[in-house]
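Comments concern the structure below.
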Amino acid sequence: MGRDTIADIITSIRNADMNRKGTIQIACTNITENIVKILLREGFIKNVRKHQENNKYFLVLTLRHRRNRKGPYRTILNLKRISRPGLQIYSNYQRIPRILGGMGIVILSTSRGIMTDREARLERIGGEILCYIW
């Protein structure tokens, strides 16, 4: 049975955000690099750097946190995995869902690489819906 690397990074980011961790370390693959680049470009994470340890590469992510620490803690980052190895969800460019009326993003795996819903609509291509972020 294979590992679901996308679910692993989503869970790691969600858990680190709930526990107010500043940095996390995730395994580096082509898919995770592309998803992290999208998260960085959209402003959901603060910084990314590549780290090598015993001939294995890792990505070290610096997360964004709210400055106000008073009151109950609410997470900034909400992530939800949609397609999974047992059930893959595909969509054409016209039926890509809008998260919070366009405030969130949908990450898709298309024939031209991993991209956001806005980029896929502009290029008029669909693909596999990987995850929602809002």
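In this structure, CD on Glu119 lies 8.0 Å from CG on Leu122, to the nearest 0.5 angstrom. Taken to the nearest 0.5 Å, the CD1 atom of Ile10 stands 7.0 Å off from the CD1 atom of Ile6. In this structure, CG in Leu59 is found 8.5 Å from CD1 in Ile9, a value given to the nearest 0.5 Å. The line from CD1 of Ile107 to CE of Met115 is 12.0 Å long, rounded to the nearest 0.5 Å. The distance from the CD1 atom of Ile125 to the CG atom of Leu108 is 8.5 Å, given to the nearest 0.5 Å. In this structure, CG on Leu61 lies 10.0 Å from CZ on Arg49, to the nearest 0.5 angstrom.
Taking both residues in full, the closest heavy atoms of Lys46 and Leu40 are given as O-CD1, 3.5 Å, listed atom of the first, atom of the second, then distance. Residue Ser83 comes nearest to Glu128 through the heavy atom pair CB-OE2, 3.1 Å, listed as atom of the first residue, atom of the second, then distance. Here the closest non-hydrogen pair linking Ile82 and Ile129 is CB-O, 3.8 Å. Residue Val60 comes nearest to His51 through the heavy atom pair CG2-CB, 4.0 Å, listed as atom of the first residue, atom of the second, then distance.
Between Asn78 and Ile133 the shortest side-chain heavy-atom distance does not fall below 4.5 Å. When side chains are defined from C-beta on, Arg14 does not count as touching Asp17, because their heavy atoms never get closer than 4.5 Å. Looking only at side-chain heavy atoms (C-beta outward), Leu63 and Ile13 come within less than 4.5 Å of each other.
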Trace of the salt bridge (charged side-chain N to carboxylate O under 4.0 Å, His left out) decision for Glu42 with Arg118: CA-CA 11 Å; Glu42 295 289 329; Arg118 290 182 217 112; 3.3 Å; yes
CA sep, side-chain torsions, deciding dist, call: Phe44, Arg64, side-chain contact (heavy atoms from CB on, under 4.5 Å): CA-CA 7 Å; Phe44 288 106; Arg64 289 192 185 278; over 6 Å; no
Salt bridge (charged side-chain N to carboxylate O under 4.0 Å, His left out) between Asp8 and Arg3, intermediate numbers included: CA-CA 8 Å; Asp8 289 345; Arg3 291 186 51 194; 2.8 Å; yes
Trace of the side-chain contact (heavy atoms from CB on, under 4.5 Å) decision for Ile105 with Ile99: CA-CA 6 Å; Ile105 63 171; Ile99 306 301; over 6 Å; no
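Cation-pi geometry between Lys50 and Tyr57 is met: under 6.0 angstrom from the ring centre, within 45 degrees of the axis.
Note on Ile45: it does not cluster hydrophobically with Phe58, by side-chain heavy-atom contacts below 4.5 Å among ILVMFWY residues. Both Ile89 and Val106 are part of a single hydrophobic cluster, where members link through side-chain heavy atoms under 4.5 Å apart.
Residue pairs meeting the side-chain hydrogen bond (donor to acceptor under 3.5 Å, both in side chains) criterion with at least one partner in residues 92-111, sequence neighbours excluded, are Tyr93-Arg124.
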For a quick test of your reading: what N or O donor-acceptor pairs under 3.5 Å do the side chains of residues 22-29 make, sequence neighbours left out?
| from | atom 1 | to | atom 2 | distance (Å) |
| --- | --- | --- | --- | --- |
| Thr29 | OG1 | Thr32 | N | 3.3 |
| Thr29 | OG1 | Thr32 | OG1 | 3.0 |

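A donor-acceptor pair is defined here as one N or O able to donate and one able to accept, closer than 3.5 Å; such a pair exists between the side chain of Arg81 and the backbone of Leu130. Judged by distance alone, the side chain of Asn19 and the main-chain N or O of Asn15 form a donor-acceptor pair under 3.5 Å.
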